[in-house]
Amino acid sequence: MWNSPKVGILGGGQLGRMLVESANRLNIQCNVLDAENSPAKQISFHDGHVTGSFKEREAVRQLAKTCDVLTAEIEHVDTYALEEVSSEVRMEPSWQAIRTIQNKFNQKEHLRKFGIPMADHRELVKNTPEELAEVGEQLGYPMMLKSKTMAYDGRGNFRVNSKADIPEALEALKDRPLYAEKWAYFKMELAVMAIKTKDGVLSYPTVETVQEDSICKLVYAPARNVSEKINQAAQALARKAVSAFEGKGAFGVEMFLLEDDSLMLCEIASRIHNSGHWTIEGCALSQFDSHMRAIVDLPIPAKSIELRTPSIMLNIIGGATPDSHLRATEAALSIPNASIHLYSKGDAKPGRKMGHVTVTAATMHEAETIIQPLIDVVDDMRA
Ligand code: ATP
Ligand code: MG
Ligand code: MG
């Protein structure tokens, strides 16, 4: 019999919480490093948790002492602390992978060496209007100005439509390390969850993601009106990109599907990912189950990560008032085949992910019909 190891998780938000939900079913104890009463800790009662931040060196050291393997629900962690404890405890994925990925510019420079297609981009070193104007000449307009670090939900991106936008763009992303990307004229955004195991890289089916204000709103699994050839090409691209990094576990790979049906990588997350939440209901093993199994070297049968049923995931995002997300939840209660996941984060702020709902059905068309009234409610409560 396998001896259930103790897993340390840096971060106890919704991703950590869903990881703990999965680990609980295998009697795997997760020691969570985050604030008291964070969403993951609320569903896991034992004395192994650590209070503090995944950005504090001492707290990471303390967590490392309590477990057999470390993992992270977020890429914005102190990788120097992880490097320091690497002789004591295994980290999955590796601190090197997280360090490269957490800087989006370094991530892309690294992936370029492996021949991964991406939007053309330029580093900024002085962050002056003159420098950005020169980059604008090279990349053309519109272009996307991006923070290299600490980016999420589009907070760190600024669309520069013309030279006239440059002062506003630099002001919006002031004091952050920057690079700029050529505009990607995509017809659809796709994503693939890839799982690195001791034996290789597995991938879930390709999904379609819909972002609103740069925040993921909907995920359609499988991607609608996408050929099997593109589904396979996207999975192959995701596996190839993820192979460029060391360590085990789930990686979220975001991509653009261009007008000519070619694919371009948008970015990689070195963790479980919003685009994979549908797998909880849509597959025999969710992304959280697979991540857990991958990092402790348990088997993941390939069949178990195939799509069982068409699924649509809708994020419940903080709206105009602190409780507007509760209206969406109330509406979801009466939607057939809707599985509701609330994250117990307390009061909502506009744009904050408070929960999600997944609807499954025999066909995608049926799932679309069932979920539409809920999409209408969510659209109505937008901030
Ligand atoms: P996440 O929450 O996924 O980590 P992020 O803040 O890291 O988001 P990106 O994934 O880089 O930001 O971009 C967010 C969204 O902005 C993308 O999903 C896409 O819709 C749009 N976007 C990003 N880069 C480009 C580009 N080069 N051209 C056009 N649109 C883009
Ligand atoms: Mg990102
Ligand atoms: Mg993204």
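What you see below is based on every heavy atom in this structure, not just the backbone, and it leaves out hydrogens, waters and symmetry mates. We count ligands from 1, going down the list as the structure has it; atoms in each ligand are counted the same way.
- In this structure, Arg159 fails the cation-pi test against Tyr141, since its NZ or CZ atom is not both closer than 6.0 Å to the six-membered ring centre and inside 45 degrees of the ring normal.
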Q: Determine, step by step, whether Gln14 and His341 satisfy the side-chain hydrogen bond (donor to acceptor under 3.5 Å, both in side chains) criterion, reporting the C-alpha distance in whole Å, the side-chain angles of both residues, the deciding distance to 0.1 Å, and the verdict.
A: CA-CA 10 Å; Gln14 70 265 25; His341 300 256; over 6 Å; no
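- The N, O or S atom of Glu267 with the smallest distance to the Mg ion (ligand 3) is OE2.
- The protein non-hydrogen atom at the shortest distance from atom 28 (N) of ligand 1 is Ala184 N, 2.9 Å.
- No salt bridge links Lys187 with Asp260; every basic N to acidic carboxylate O contact stays at or beyond 4.0 Å.
- At a 4.0 Å heavy-atom cut-off, ligand 1 does not touch Met143 at all.
- Asn157 ND2, 3.0 Å is the protein heavy atom nearest to atom 13 (O) of ligand 1.
- Across the listed options Lys146, Glu267, Arg159, His273, Lys146 owns the non-hydrogen atom lying nearest to atom 11 (O) of ligand 1.
- For the pair Lys148 and Phe105, the cation-pi criterion (under 6.0 Å, within 45° of the ring axis) is fulfilled.
- The protein non-hydrogen atom at the shortest distance from atom 17 (C) of ligand 1 is Glu189 OE1, 3.3 Å.
- Counting heavy atoms only, Ser214 comes closest to atom 16 (O) of ligand 1 of the residues Ala151, Ser214, Gly252, Gly156.
- Nearest non-hydrogen protein atom to atom 6 (O) of ligand 1 is Gly154 N, 2.7 Å.
- No other N/O/S atom of Glu254 lies as close to the Mg ion (ligand 3) as OE1 does.
- Distance from atom 31 (C) of ligand 1 to its nearest protein heavy atom, with residue and atom name: Met144 CE, 3.6 Å.
- Atom 2 (O) of ligand 1 has its closest protein heavy atom at Asp153 N, 2.6 Å.
- With hydrogens left out, the protein atom closest to atom 25 (C) of ligand 1 is Phe256 CZ, 3.7 Å, a heavy atom.
- If you check which protein heavy atom lies closest to atom 3 (O) of ligand 1, you get Glu254 OE2, 2.8 Å.
- Using a cutoff of 4.0 Å between basic side-chain nitrogens and carboxylate oxygens, Lys65 and Glu88 are not scored as salt-bridged.
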